[in-house]
Structures are given as C-alpha cells and as structure tokens.
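Residue numbers start from 1 in every chain, and the chains themselves are labelled A, B, ... in the order their sequence lines are given, proteins ahead of strands. Note that the structure is predicted; figures quoted are calculated from it, not measured. Side chains are part of it too, since the values below use all heavy atoms of this structure and drop only hydrogens, waters and symmetry mates.
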Amino acid sequence: MTPPKAPDQTDGTPPSAALSCPEVSAPLRTMKTRAEFLRAARADKQGTKGLLVQGRARAEASPEGGAPAEIRVGYTCSKKVGNAVARNRAKRRLRAAARAVIADDGRPGWDYVLIGKREVTAARSFEGLLSDLRYALRKLHERAR
RNA sequence: GCGGAGGGCCGGACGGCCGCCUCGGCCGGGGGUGACCCCGCCGGGGAGGAAAGUCCGGACUCCUUGAAGCGACGGUGCCGGGUAACGCCCGGGCAGGGCAACCUGACGGAAAGCGCCACAGAGAACAGACCACCGCCGGCGCGUCCGGCGGCCAGGGUGAAACGGUGGGGUAAGAGCCCACCGGGGGCCGGGCAACCGGACCCGCAUGGCAAGCCCCACCGGGAGCAAUGCCGCAUAGGGACCCCGCGCGGGCUGAUCCUUUCGGGGAUAUCGCCGCAGGGCCGCUUCAGCCCGAGGGGUCCGGGUUGGCAGCACGAGCCGGUCCGCGAGGGCCGGCCCAGAUGAAUGGUCGUCGCGGGCGGGGAGACCCGCCUGGCACAGAAUCCGGCUUACAGGCCCUCCGCGCGA
RNA sequence: GCACCCGUAGCUCAGCUGGAUAGAGCGCUGCCCUCCGAAGGCAGAGGCCCAAGGUUCGAAUCCUUGCGGGUGCG
C-alpha cells in the first residue's frame, strides 16, 4: 500500500486528527428531516472521484458569543448505489470519513450533505475518500466567499 | 481409484487503534419539587441461512350482533399420520424414469351434464353411411365389365387419437364366430385403518381424449393489517359546501307544561318526557334469537393540522443438553440458559498477521516442495413475531449408499 | 405492509373464448415518380412472443415459479 502522500502515517493507525475532539470546535449533528435535505439540495455542490458534497451556510447561524453553532451533516445513498448492503456500506464509510475530516475542516453553522456514488464510494481507498472530502470542502468554502 | 445418489453442517480466524446501538449496575458528576433526564465509569448483548421474494399458514390487534341452512366467491385434491395451522413435512400406495443407490408426479370424478377435438381422413364420438371384399341371379359391346339381391365382417393413403391386440382354427369371403396368451369389465373371497394389493370365478367384451375448458363431489376459508391498536402531548378546529333516507299512529300516563277548581280533584295533549304499536337499521338471502334507533341517521368533497413521545416490542408454538415413545415427521418428561431491538434506521471504519483462491518463477521422473506478487474471498442487512415454501450463493467439511475397475 | 397491472418487430400497440402464415401503424431498405427533396405508389427485410418448467396431439394464449418495469391504497 503506497498512496501518494500519506501525511503523518507511520504505523497502521489512521490520522490522529480523528480523535473525538468536540469540546473545542462546534458540535456535530446528523441531519434527519426531509426539509433539511431539500434545503441543502438547492445549495452549492462539488463532485469528486469518490463522492459528491452539498454544502451551505445556514442563515440563522453564528450566534454572537454564545455556544458555537453546530455543524450538521447528512448522508444520502439512493437506490442507484446498489442494494441494501451496498448502500449501508457506502453510508458507513461516508460517516467514518466525515468524523475524521469535518471536525477540523468543517465550518460552524454549515450544513453538509455527503452523497455516495455507485461502485466507487465503496471501492475507493479510505485515504482517497478523505482527500476527496477535504478537497470538496475547500472548494465550497472558497466559492462561498 | 473413477463416476454417481441421498442427508447434515459451516459459510473466514485472531489482534491493535478509533467509533455506533441497546440492556443492567447503581459507582461518580450535573439538572429537576418530583416521576425522571443528561454526561462519565464498569459489566453483558448486538444480523441471516436465506434476515430476501412476499407464494402459503398462524399468533396478536381492531372492525363486523349470534346461530343454523342456502347461495356466491376463492382455495385445496391418492391414502394415513404429524402440527397451533398449512398448499408444509413424514410414512405408505400407484404411475413414470434410471443397470442401481435413488429421483419425479396438481395423482378425486370423463356410464351427471354442457362444450371442444384444427389439418388430413370413408368416418372424430348414439355409430352407422361410403369405397372395396365374397356368393347367387340377370345382361351384353364376353371384359375378369355393368346392374340387381344377399352376406355386413376383416381391409381403406390418414391422424395425436379410430369401438380390444397377437397368433391359430374356421369360412364363399369373413368377423370373439371359436380357441390360447395379453388387455378390459363385473361382483365375490382374503390381507390392509385406508389408498391399494392378491386369488379363484364369471362376461367374448358395449360406452376415446381434454376437467392447469365450464362443471360435479369432498374438505377448508369473515375483513383489514403493527403506518393494526391504546394512552399522552402539541397544533388547529369546535368549521364550510352538497347529497340521500326519515321525523307515522295510539295511550293520557300526570313527570313537566297549560286550563280550571268548591283545592280533594277534574280536563287538555300543541310542546318536552314516558309507554305501546307500526316503521327502520344491525350478516348476500331465509329462519330463529337478540340488540339498537324511534327523530335523527348516513355519505361525498373542501378547508385546517401533520418535528411528536410512550406502550404494542421481544420469555417465545424460544434455544441447548439428556432421557423415553415412535420406522419417521414429531411428541412427552427432566435439567440448564435469557439470546438484536434500530426508526435518515445501530451491529462498523481502518491497519496488521494467518487461512483459502489465483498468477509468476525455481527444484523434482512424479506425488509434491520452496520463493515472490495479489484492487480476489460468495449471495446478501432484522423493522411486530413465529411455522413453511421458493429463489440467490465463492469455497469447504462430515456421514451413508450405488455402479464400474483394480488388489487381497 | 397490502392490492393490482404490463413485458409481442427499432418504437407504439393488436392478437390472449388454445389450431399452425403472429398482424397493424410509424420507422428502416430498395425501386418508381421529380431538375432535387417532401408527399405519394410498389416491393422487401426485421420476432427463439421476458425466462424456466408443466398441462395438451398442439401454448403468444392455460397453470406454476422467477426476473424486469409500472400504478394505487394505508
């Protein structure tokens, strides 16, 4: 296994940034209602090799001085991804990737929806998924300015 | 050793790091008057043989007034047993296939009735007509021709199927006309709970196929589904429009009410209430029983609302072991165990080692051994829960049996 | 969780009370017509009737199972 540039990787453990680490940054919450997903679907989106990301800054976000606004993340794997086993596996990998990346690179008060793609989301290497997600977040944040 | 048949089972293993759901402990902290809630800690559990398809059968809830009969509709279909039940399973019978082990079978009824059987063929479903065949008589263009009478049976390119088959006797020619064998039918006897099997006897022998065409017979079956259903909370509303059926008769009964009074009572019955009868409603119909309504009942559409919570919801036709009964499916008894409960939906992510598979190279006569590489390791994810069926599935293990070959 | 419908030519559909050549329209190919094209005329190709079993002498049609697509209700 030799991915291009595995940053801080000596043994087999994933990057140490994946530690739980919530108390400093904004709390993470999973999106559950249909309305939230529909709002996110109208927002900007960025596709990558392994997944598709929709992201937007909520209007009511950023409270002054209060607790940091939460980051909401949703996951979508439609029937196009495959049967139930394939969909669940894709969603689980997306969740694992989000836990590793969003805590550092996500912005408080934003909603993100991670969308799985047929075949590739389950087959792509985990390193690749992580860098895909980081790239997509960076592009979304740049365009939002 | 090769080939085959049946049955049972498994369906990656171990370990780091980081996570998820749930139950319990009540240990620590926080919140609350409280029930309790949140965070942390410790301990336990956490997908399948098909969780799938939704093809059957139930449990459980709600709806339907109950029973009987009839009818309609749907299903099942050899016999016996198992089971809560089944269209499932087991055992048996029969039929077909295979050398065999074994496998397969919607396998009731076609003399209850209706319908259909294309093409071909003389004829396709009462069985007779037609062509041919044989004998006799007659006629003449004497050919082995025509006509008449009689025999009425075999034969007739066909066809999926043609009124028993084969052989022999017999005859003018023939025919169950007679005989033998096979097939068929009938009641009888014996065995078996039964399906069915066996036996002798009688009948020369009359009645195709399709019921996964209608149908007949026997048996079974109310409808809907956990988004069922119950409770709590929140919001809105105590709405609007339209349609259908109906508001009958009697008793004054004195409880209201009204009139009258000599205050004891008497009268009235429009109205409210009561009683009785009609009437209406409650299963498709009928009967019986019962209940309800008796002046309101029912339906359709629009409008409004729709982030909810808890119960149902996991101790069950449960799992494991032993023992007894049974050929078996299975059942009885004893002991032990608690074993998923999510709801944008947990049971994982990632890395390493091993195993399996594949590829390449080397050694060896061969079996095989060694090294390296490896995006490979199936089908597939509980959603109220069980019993089955069906379908999908990489690879592997165990047991029993059959045929052939070789050896002793 | 239920209920139901449909798979036939490249496309849209007939045929589905079993019977032998599986049809129609559009499209396609060739020819005619025209200076060329359209329209029109003539001729032709194109189907293992979703799959696998079964019933029957015979199946697109009847039965069973599966696959794919779609609709409705709660």
Side-chain angles (χ1 to χ4, degrees), chain A residues 1-63 65-138 140-141 144:
Chain A
M1 57 148 283
T2 46
K5 298 179 200 48
D8 46 0
Q9 191 82 350
T10 51
D11 55 349
T13 57
S16 60
L19 290 172
S20 47
C21 71
E23 70 276 0
V24 181
S25 68
L28 214 67
R29 197 177 68 81
T30 303
M31 294 166 61
K32 295 192 173 180
T33 65
R34 178 170 168 75
E36 290 171 332
F37 278 86
L38 288 178
R39 276 194 292 274
R42 283 197 298 269
D44 193 14
K45 56 179 174 287
Q46 175 65 47
T48 68
K49 216 181 182 75
L51 74 162
L52 190 75
V53 180
Q54 297 167 338
R56 69 184 192 103
R58 266 172 288 135
E60 31 73 32
S62 71
E70 62 183 9
I71 301 177
R72 302 194 303 198
V73 184
Y75 310 93
T76 293
C77 288
S78 74
K79 274 192 176 173
K80 278 185 287 187
V81 172
N83 61 17
V85 175
R87 290 201 302 273
N88 286 346
R89 177 169 166 77
K91 258 191 279 187
R92 286 194 300 257
R93 298 193 86 213
L94 289 180
R95 264 199 294 271
R99 264 192 332 113
V101 171
I102 298 265
D104 289 338
D105 294 359
R107 290 189 176 178
W110 276 60
D111 285 354
Y112 302 102
V113 173
L114 278 57
I115 300 174
K117 296 166 78 172
R118 182 185 190 82
E119 302 290 325
V120 292
T121 299
R124 188 155 168 77
S125 76
F126 197 62
E127 303 299 328
L129 265 188
L130 294 181
S131 60
D132 283 349
L133 183 53
R134 287 198 192 92
Y135 172 80
L137 291 183
R138 199 174 69 240
L140 288 172
H141 293 158

Which residues share a side chain to side chain contact (heavy atoms under 4.5 Å, CB included) with A:R87, sequence neighbours left out: A:C77, A:K79, A:V81, A:A84

Partners meeting side-chain hydrogen bond (donor to acceptor under 3.5 Å, both in side chains) with A:R89 (sequence neighbours left out): none

Polar side-chain atom of A:K45 near backbone of A:A40 as donor-acceptor pair, under 3.5 Å: no

Conformer about C1'-N of B:G265 - syn within 90° of 0, anti elsewhere: anti

A:N83 vs A:A97, nearer the 5' end of RNA chain B by closest nucleotide: A:A97

Any strand: nucleotide that pairs with B:G164 via Watson-Crick or wobble, under 3.5 Å: B:C182

Syn/anti state for B:A111 [syn: chi within 90° of 0]: anti

Spacing between A:R87 atom CZ and B:A47 atom C1', to the nearest angstrom: 16 Å

Assigned partner base of B:G15, Watson-Crick or wobble definition, under 3.5 Å: B:C351

Could you list all N or O pairs between the protein and nucleotides 342-348 of chain B that sit under 3.5 Å apart?
from, atom 1, to, atom 2, distance (Å)
B:G344, O2', A:M31, O, 2.6
B:G344, N7, A:K32, O, 2.5
B:G344, N2, A:Y75, O, 3.1
B:G344, N2, A:T76, OG1, 3.0
B:A345, OP2, A:R95, NH1, 2.8
B:G348, O3', A:R92, NE, 3.0
B:G348, O2', A:R92, NE, 3.4

Which residues share a side chain to side chain contact (heavy atoms under 4.5 Å, CB included) with A:V101, sequence neighbours left out: A:D105, A:L130, A:L133, A:R134, A:L137

In B:A206, glycosidic geometry as syn within 90° of 0 or anti otherwise: syn

Complementary nucleotide for B:G159 - Watson-Crick or wobble, under 3.5 Å: none

Qualifying residues under side-chain hydrogen bond (donor to acceptor under 3.5 Å, both in side chains), relative to A:Q46, sequence neighbours excluded: A:R143

Glycosidic class, syn or anti, of B:G344 using a 90° window around 0: anti

For B:C339, glycosidic torsion class - syn if within 90° of 0, otherwise anti: syn

Listed partners of A:R95 passing salt bridge (Lys or Arg N to Asp or Glu O under 4.0 Å), at least two apart: none

Spacing between A:F126 atom CZ and B:G19 atom P, to the nearest angstrom: 13 Å

Contact residues, residues 45-53 of chain A to RNA chain B [heavy atom, < 4.0 Å]: none

Whole-Å distance separating the CG atom of A:L94 from the C1' atom of B:U350: 15 Å

Qualifying residues under side chain to side chain contact (heavy atoms under 4.5 Å, CB included), relative to A:F37, sequence neighbours excluded: A:M31, A:T76, A:V113

Assigned partner base of B:A224, Watson-Crick or wobble definition, under 3.5 Å: B:U61

